[in-house]
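For reference, the structure is listed below as structure tokens.
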Amino acid sequence: MEKKTKTTNEETTFTQKLIKALGNIRGITKDGANPHFKSKYITLDNINNAVNPVLWENGLYLTHKTSAGVLLTEVTDGVDSITTEWVLT
């Protein structure tokens, strides 16, 4: 038996906004360097500069939650809508 879930218009609107925004985000270049591992990475500033204008045009915004541990700091990113109260992580 197929299980059906009901979505609200607000959830559909959020999904549609997110899909539209994701379609307009172009490649983000790696602008940070980790000399210890001899690797490059994308900084949060570069992510914000590339992603925020596109999200804002669609009524969305990017969030960053940090949590510090003994050996590392973890960053969890999310997207939220101005009209909703839930976050994708």
Original post:
Taking F14 as the fixed residue, which of N58, I19, L60 is the one that meets the side chain to side chain contact (heavy atoms under 4.5 Å, CB included) rule?
Top reply: L60
Original post:
Among D45, N49, T43, I47, which one satisfies side chain to side chain contact (heavy atoms under 4.5 Å, CB included) with D31?
Top reply: T43
Original post:
When hydrophobic residues are tied together by side-chain contacts of less than 4.5 Å, even through go-betweens, does L18 share a cluster with I28?
Top reply: yes
Subject >> Single-linkage hydrophobic cluster V75~F37, side-chain heavy atoms < 4.5 angstrom >> reply: no
Is there a side-chain contact between [X] and [Y] (heavy atoms, below 4.5 Å)?
| X | Y | value |
| --- | --- | --- |
| T76 | T66 | no |
| H64 | L44 | yes |
| Y61 | D80 | yes |

Original post:
Which pair of heavy atoms, one from S81 and one from K17, lies closest together, and at what distance?
Top reply: OG-NZ, 3.7 Å
Original post:
Where is the tightest heavy-atom contact between A21 and V54, given as atom of each residue plus distance?
Top reply: O-CG1, 3.3 Å
**OP:** If you link ILVMFWY side chains whenever their heavy atoms are less than 4.5 Å apart, which other residues fall into the same cluster as L72? By chain and number, please.
**Re:** none
**OP:** For side chain to side chain contact (heavy atoms under 4.5 Å, CB included), just list the numbers for V79 and T63, CA-CA rounded to whole Å, side-chain angles, deciding distance to a tenth of an Å, and then say yes or no.
**Re:** CA-CA 6 Å; V79 175; T63 63; over 6 Å; no
